[in-house]
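Heads up: the structure comes next, in structure tokens.
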Amino acid sequence: MWRPRHHLRLAVQCESLLDRMNFMASKPPVPVPVAPKAKPADDDGGSVVLERRTQKTKPPQMYQVVMLNDDYTPMEFVVVVIQEFFNKDRETATQIMLKIHLDGKGVCGVYSRDVAATKVEQVQEAARQAGHPLQCVSEPIE
């Protein structure tokens, strides 16, 4: 039967591949050499043993977010900001707002450094968008 040349070449390539696969499958696996296990030396009394000490990590430095009083920001806006960004209920937010109003500043919450910085940015951005000069800072707790 006549076949085009490329069919013959393909048939020869397939046979060659099958021969190589059969050779690989029939070849026994070579064991991987394993290094002999060394016996531990007898202790001559001159060895030093280190004890593992448990490391005590300090808790992270905490920061308090402090809101500052001004004569222009409405009290209701301050209450809403405290509720929104510090997750306080209305009564607690009102108490914090009154402390800010009467004492000039009030602590809205205590957080790690990064969280406190984020809270300050959120409050200042909300105040800026609303057109109020409300200021907020974070201070390390000693």
Side-chain angles (χ1 to χ4, degrees), residues 3-142:
R3 291 186 192 178
R5 288 183 90 113
H6 67 280
H7 283 296
L8 290 175
R9 206 172 329 140
L10 184 60
V12 169
Q13 286 175 348
C14 287
E15 285 177 25
S16 173
L17 181 62
L18 287 174
D19 289 342
R20 279 189 284 162
M21 287 173 55
N22 284 335
F23 172 74
M24 289 187 326
S26 62
K27 185 177 175 184
V30 179
V32 177
V34 179
K37 293 184 179 179
K39 261 187 161 177
D42 290 335
D43 188 12
D44 60 358
S47 301
V48 176
V49 176
L50 295 177
E51 291 183 23
R52 174 175 274 171
R53 291 187 209 154
T54 57
Q55 290 184 336
K56 295 180 182 174
T57 57
K58 294 188 302 185
Q61 170 74 47
M62 299 303 280
Y63 289 76
Q64 59 188 7
V65 178
V66 179
M67 208 173 288
L68 306 176
N69 188 40
D70 65 69
D71 293 334
Y72 303 101
T73 305
M75 292 180 179
E76 185 59 31
F77 179 78
V78 175
V79 170
V80 170
V81 165
I82 294 170
Q83 286 180 291
E84 180 73 23
F85 298 114
F86 298 98
N87 298 320
K88 306 291 185 189
D89 58 57
R90 184 149 184 89
E91 184 177 332
T92 305
T94 303
Q95 290 173 354
I96 294 171
M97 178 273 300
L98 287 173
K99 178 148 182 65
I100 295 167
H101 182 69
L102 297 174
D103 298 345
K105 65 180 185 176
V107 177
C108 297
V110 177
Y111 306 95
S112 63
R113 184 179 66 196
D114 294 340
V115 174
T118 301
K119 298 282 185 186
V120 168
E121 289 175 16
Q122 289 174 329
V123 169
Q124 290 181 335
E125 178 63 20
R128 186 188 64 76
Q129 285 183 356
H132 300 302
L134 182 64
Q135 290 298 304
C136 189
V137 296
S138 65
E139 301 172 347
I141 298 176
E142 286 124 26

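Because only heavy atoms are used, hydrogens play no part in the values below, and waters and symmetry mates are left out as well, while side chains stay in.
Between Phe77 and Ala126, the closest heavy-atom pair is CZ-O, 3.8 Å.
For CD of Glu91, the number of neighbouring non-hydrogen atoms (other residues, nucleotides, ligands) closer than 6.0 Å is 12 at most.
Separating the CE atom in Met97 from the CD atom in Gln83 is a distance of 10.5 Å, to the nearest 0.5 Å. Of the inter-residue distances, the one linking Glu142 atom CD with Met62 atom CE reads 14.5 Å to the nearest 0.5 angstrom. If you take NZ on Lys119 and OG on Ser138, they are separated by 12.5 Å, rounding to the nearest 0.5 Å. Note that CZ of Phe85 is 11.5 Å distant from CD of Glu121, once rounded to the nearest 0.5 Å. One finds the OG1 atom of Thr73 at 12.0 Å from the NE2 atom of His101 (value rounded to the nearest 0.5 Å).
Side chains of Val120 and Val137 form no contact here, defined as non-hydrogen atoms less than 4.5 Å apart. Side-chain contact between Val66 and Cys108 is absent, with no heavy atoms from C-beta onward closer than 4.5 Å. Under the 4.5 Å side-chain criterion, counting only non-hydrogen atoms from C-beta, Glu139 is not in contact with Tyr63. Taking 4.5 Å as the limit, every side-chain heavy atom of Val107 sits out of range of all side-chain heavy atoms of Val65. Side-chain contact between Arg113 and Pro60 is absent, with no heavy atoms from C-beta onward closer than 4.5 Å. Within the 4.5 Å cutoff, the side chain of Val79 has no heavy atoms near those of the Met75 side chain. Looking at heavy atoms from C-beta onward, Ile96 lies out of side-chain contact with Met67 at the 4.5 angstrom threshold. Using a 4.5 Å heavy-atom cutoff, the side chains of Tyr72 and His132 are not in contact.
Listed for the Gln61 side chain is a donor-acceptor partner under 3.5 Å among the backbone atoms of Ile141. In terms of modelled atom types and a separation under 3.5 Å, the side chain of Thr92 and the main chain of Lys88 share no donor-acceptor contact. A donor-acceptor contact shorter than 3.5 Å is absent between the side chain of Asp103 and the backbone of Lys105. Of the possible donor and acceptor atoms, none in the side chain of Gln124 sits under 3.5 Å from a partner among the backbone N and O of Leu134.
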- prompt: When you look at Gln135 and Asp70, which way does the side chain to side chain contact (heavy atoms under 4.5 Å, CB included) test go after all the steps?
  reply: CA-CA 8 Å; Gln135 290 298 304; Asp70 65 69; over 6 Å; no
